Amino acid sequence: MQGLASYIIRRLLWAPVILLAVSLVTFGLGRFGPGDPIQILQGQYRDPEVRERIANELGYNDNFFVQYGRYMGNFVTGDLGTSLTYRGLPVADVIFPRLWVTFQYNLLALVLIFAIGLPAGIWSALRQGTWMDPFLISVFLFFASVPVLVSIPVMQWLFALKLGWLPSGGWEVREFFGIEIGVLDKRIILPLIILTLPGIAGVARYMRAQVLEVLDEDYVRTARAKGLAEFTVVSRHIARNALLPLATIMGFALVGLLGGSIFLETLLGIPGIGSYAFEAVFNRDYDSIMAIVLITSTAFVAANLVVDITYAFIDPRIRLGGGAGR
Amino acid sequence: MAYEAANGTLGAEDVTPRRSFLVLRRLARKRLAVVALVVIVIIYLAGIFAPLVAPYGFADTDFGNTFAGPSLEHPFGTDRLGRDMLSRVIWASQTTVIISAAAILTGGLALGVTLGLLAGYAGGRVDNLIMRVADAFFGLPEILMLLLITATVRPRVENFFDKFDGWPILGGLNEAGLPDYFLIFGVLSLFGWVGMARIVRSQVLSLRETDYVMAARAAGARTPRLLFHHLLPNVSNIVIVAITFSLGAIAGTEIALTWLGIGIQPPHPSFGTMIFDASGLTTLRAHPNLMLVPAVVVASLLFSFNLLGDALNDVMNPHRR
């Protein structure tokens, strides 16, 4: 197990290096990007003296690396800077409630995707060779093929305007023990449909492939030969072994969904992190952009670490993989 | 799977020496995949030969005939400026063909395959460095970064191309929106190589210790020859599947980028601009065909790529045939 420990340590040491590189690039893009945050702060007052004062206050006159060092120092201690979009509010106060909003409905969508995708994948694999297998997978692939920028306006038009069944967007919260929960309102149905339908294909295809992989294994044949009920064979012997690699993907999928929420939240008026990112870019709100990029990439790097380390546990070739010319 | 084929485990009925024939023959048995391939070929050919196929120019306005329904002259109707929807869809396909081809060639193929081969084969430090850079890219919120990068780089790219104004060929290309294409496939390939590199690397890892690679190395083959002559043909299966899926994904990303205002700029048609123009709820209610036409074409293109990729995946994997 010594190889595994050193593998984990090596990977852990890389994580901060990656995040540092990401933050430096993002910070640079912000500082050298077009648009002038000071001009936005000034509003209609274009006095050069005021401009100079603001620039000094915000430290924009310092050397790039001094600015970067100061920002990162503050970031590590939990000060994420000040929002330009919401004048004067600390970025942290804006971002974390919005992250919670996005997290809630994304988690629910992910649960739905797996709840439909897993059984669909297994069902499909067990019917390999009949017309039902390609049919089901094709239906899910079709849902995955409609761009969200088409499905969102069309669904809004259909369910809100034409049928009048659902509100066209928005976000209503109910409080439970001081926690604001937004996924209990009927406004959540539309975004859930839009998020869930395209996601199913991936999970179903993955599960189908996994099941087909283990279907020929000796232990499955043994289980059948023992005379076990088909349901037991599928649930205990096939699904369980196919699920192992899938569990590691869940974390990734959640972080990935967070990234795709820009369009959904902007078009449906959900006050989550996606719509905030969109506003922040157009307001040249670089402190907010930095915070969003750093938080999402930290989450990604963490999920990545967990996945890789889990695989290293399972497959010793990964952690021992040295050079070819050894 | 590739390994077996390389060793020549051919059945009695197989006299064909080429693997690609086998794959094609198996694919031909999947009717759905054949239909998908036909749809892709039609849309791509229409795009490539847009100047010949399209009945009107993409910017030909006819203000006496706006928001027209389907008719003989305009089978798909006209938009708010009286432009022929059929022609615009065909020109939009051309945009998609150009962007996907360029992004795949530079990002997916050149960068992704080369770095994946190198990482998997060399191992150790090289592998670690390449894969950690990949991790960094993978961890970035792609759409947000594309927004930031294009916003930062666009003025510079435009300045650069402005120098060629009035030049014989380059000037014309500039007029035709070359900077937009350049930017889009640039940023797409910046992020596009990561997935391909990971897939190729994991495949090479398992091929590296096989006898035929050992034999080639023992025979004194140099690294480039090993990579491109011995390893590449055996990862080509998964590369083809990955390309099929990413061609669809790139067409989808173009829509997202254009919606954000950083993609193709009007009047150049792309599926993104057409969908964006039609997606206002008032427009959608009054003239649903404006959304329907580009949406159906782009969805059938993406659907076909997904079906084809799925079928190829099955055909090339011995477990799932």
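None of the values given here were measured: they were computed from a predicted structure.
Closest of all the heavy-atom pairs between Ser138(A) and Phe303(B) is O-CE1, 3.2 Å. Taking each heavy atom of Arg285(B) and Trp157(A) in turn, the nearest pair found is CA-NE1, 3.6 Å.
Most heavy-atom pairs under 4.5 Å with chain B: of the set Leu161(A), Thr298(A), Val301(A), this distinction falls to Leu161(A). Taking chain B as the reference chain and counting heavy-atom pairs below 4.5 Å, the highest number among Val293(A), Leu294(A), Val146(A) is found for Val293(A). When each of Pro288(B), Ala295(B), Ala256(B) is checked for heavy-atom pairs under 4.5 Å with chain A, Ala256(B) comes out on top.
Looking at Leu149(A), both its backbone and its side chain come within 4.5 Å of chain B, counting heavy atoms on both sides. At a 4.5 Å heavy-atom cutoff, Leu19(A) makes no contact with chain B through either its backbone or its side chain. Contacts of Val154(A) with chain B are made by both backbone and side-chain atoms, with heavy-atom separations under 4.5 Å. Of the two parts of Leu301(B), neither the backbone nor the side chain holds a non-hydrogen atom closer than 4.5 Å to a non-hydrogen atom of chain A. In this structure, no portion of Ala21(A) lies under 4.5 Å from any heavy atom of chain B. Only the side chain of Ile275(B) comes within less than 4.5 Å of a heavy atom of chain A; its backbone N, CA, C and O stay farther away. Heavy atoms of Ala278(B) lying under 4.5 Å from chain A are absent altogether. For a residue to count as touching a neighbouring chain, one of its non-hydrogen atoms must lie under 4.5 Å from one of that chain's; by this rule Ile152(A) does not touch chain B.
Taking OG1 from Thr266(A) and CG from Leu260(B), the interatomic distance works out to 8.0 Å, rounded to the nearest 0.5 Å. The distance from the CE atom of Met145(B) to the CG atom of Leu29(A) is 5.0 Å, given to the nearest 0.5 Å. To the nearest 0.5 Å, the span separating CZ on Phe140(A) from CG on Asn306(B) amounts to 14.0 Å. Distance check, rounded to the nearest 0.5 Å: CZ of Phe135(A) to CG of Leu32(B) gives 10.5 Å. Put simply, CZ on Phe142(A) and OG on Ser304(B) are 10.5 Å apart, with the number rounded to the nearest 0.5 Å. Distance check: Leu13(A) CG to Arg132(B) CZ gives 11.5 Å after rounding to the nearest 0.5 Å.
For the pair Val22(A) and Phe137(B), the minimum side-chain heavy-atom distance is 4.5 Å or more.
Classification of the Phe278(A)-Trp259(B) ring pair by plane angle, with boundaries at 30° and 60°, yields tilted.
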